[in-house]
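Excluded from the calculations below are hydrogen atoms, water molecules and symmetry mates; all remaining heavy atoms, backbone and side chain alike, are included. Indexing begins at 1, ligand by ligand and atom by atom, following the structure's order.
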Amino acid sequence: MSGLGDLVSNIIGDADAVFLFSPSAANHETFVHGTDVPIVVVAEENNVDAEAFVELPIEFTNITERIRFGLEGGVDHGHIDSGTIVLCAMNLFDDSVDSLMRVRAGEFTHTGIYDLFVNSRAESSVIRNVLEVVIGLGKKGQKGKPVGALFVVGDAGKVMNKSRSLSYNPFEKSHVHVGDPIVDVMLKEFSRLDGAFVISDAGKIVSAYRYLEPSAEGVDIPKGLGTRHMAAGAITRDTNAIAIVLSESDGLVRAFSGGELIFELDPEAY
Ligand SMILES: Nc1ncnc2c1ncn2[C@@H]1O[C@H](COP(=O)(O)OP(=O)(O)OP(=O)(O)O)[C@@H](O)[C@H]1O
Ligand SMILES: [Mn+2]
């Protein structure tokens, strides 16, 4: 094997921690027993009873985003320091680890995806549920036609104060939460009409058809996005909410926090 082992050990030799992405129990065992550096598991669920664990709120089909999220979580939970050289191990093609990547944990610029889920007022499961609804809407559209939607999540009292009603609120006296199966259907139906949905920290649907009237001062969103995206960005600067928007015109899903665009994704890729 003509020196390949040496080349590879140059890449992985100085790693001080291993991040295992969605490992099988057998893979996890192998790594735990095969090395004495700390092992951190990054996955949607902790199926392997890992001591050090970072929960992935969504699957992240983009691998660099998945890694970034895992590393930010690892630092945030105190599993590693930000300068640590990490070996990321993944199975991209089947059930056994087939991919190793060497990354310095602090190397990434802060993307905000981690904060969006973990440091928001709203529960991360609520944000995940809203994202799932929006991605679903983006995939199918409404009766085959592209549809736009705006969800404002968290800090609902303040959001209600900075908005006005465009129509009667179908959620007025109801106690429905995002993630309830019936709600998916309702949200998709009501998203045909104008305005925003307002969701509480705990996932209660507070209102549909809200016209947002935040101050737009200091909001810096990419040129070319229209009033829906501007309102979404601005409300997240004026309150502690985050906003998730489906664009009717380009079909992309965008998330805003603190007045900034945090990420954009193509629902067709999910
Ligand atoms: N302040 C607001 N609050 C709530 N909804 C709004 C607000 N401003 C615009 N919208 C909604 O966004 C819709 C689309 O407006 P516009 O085309 O200007 O936005 P956009 O950012 O270009 O979004 P899209 O990419 O979906 O076209 C409006 O019909 C309205 O339903
Ligand atoms: Mn538009």
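Nearest to atom 7 (C) of ligand 1 among the protein's heavy atoms is Y211 CE1, 3.7 Å. The nearest protein atom to atom 21 (O) of ligand 1, hydrogens excluded, is given as H229 ND1, 2.6 Å; this is a heavy-atom distance. For atom 27 (O) of ligand 1, the closest heavy atom belonging to the protein is S249 OG, 3.3 Å. The protein atom (non-hydrogen) at minimum distance from atom 5 (N) of ligand 1 is G195 CA, 3.6 Å.
S96 and D94 are linked by a side-chain donor-acceptor pair at a separation below 3.5 angstrom, with hydrogens and angles left out of the test. Between the side chains of T84 and D81, no donor-acceptor pair of N or O atoms lies under 3.5 Å. Looking at N27 and T30, their side chains never bring a donor and an acceptor atom within 3.5 Å of each other.
Cluster membership for I63 and V103, using ILVMFWY side-chain heavy atoms within less than 4.5 angstrom, is shared. M90 and V32 fall into different hydrophobic clusters, defined by Ile, Leu, Val, Met, Phe, Trp and Tyr side-chain heavy atoms under 4.5 Å apart, directly or through other members.
Of the listed residues (K162, R210, R228), the one carrying the non-hydrogen atom nearest atom 23 (O) of ligand 1 is R228. Comparing T227, D194, L166 against atom 16 (P) of ligand 1, the shortest heavy-atom distance belongs to T227. Around atom 1 (N) of ligand 1, the closest heavy atom drawn from L225, V147, L212 belongs to L212.
Near A231, the atoms of ligand 1 lying under 4.0 angstrom from a non-hydrogen atom of the residue are 1 (N), 2 (C). Close approach to S247 involves these atoms of ligand 1, each under 4.0 Å from a residue heavy atom: 24 (P), 25 (O), 26 (O).
The N/O atoms of E248, backbone and side chain alike, include one that comes under 3.5 Å of an N/O atom in ligand 1. Ligand 1 has a nitrogen or oxygen under 3.5 angstrom from a nitrogen or oxygen of G226.
One finds the CD1 atom of I12 at 12.5 Å from the CD1 atom of I85 (value rounded to the nearest 0.5 Å).
Ring centroids of F171 and F190 are separated by less than 6.0 Å, placing the two rings close together.
Ring pair F60/F117 is perpendicular by interplanar angle, where above 60° counts as perpendicular and below 30° as parallel.
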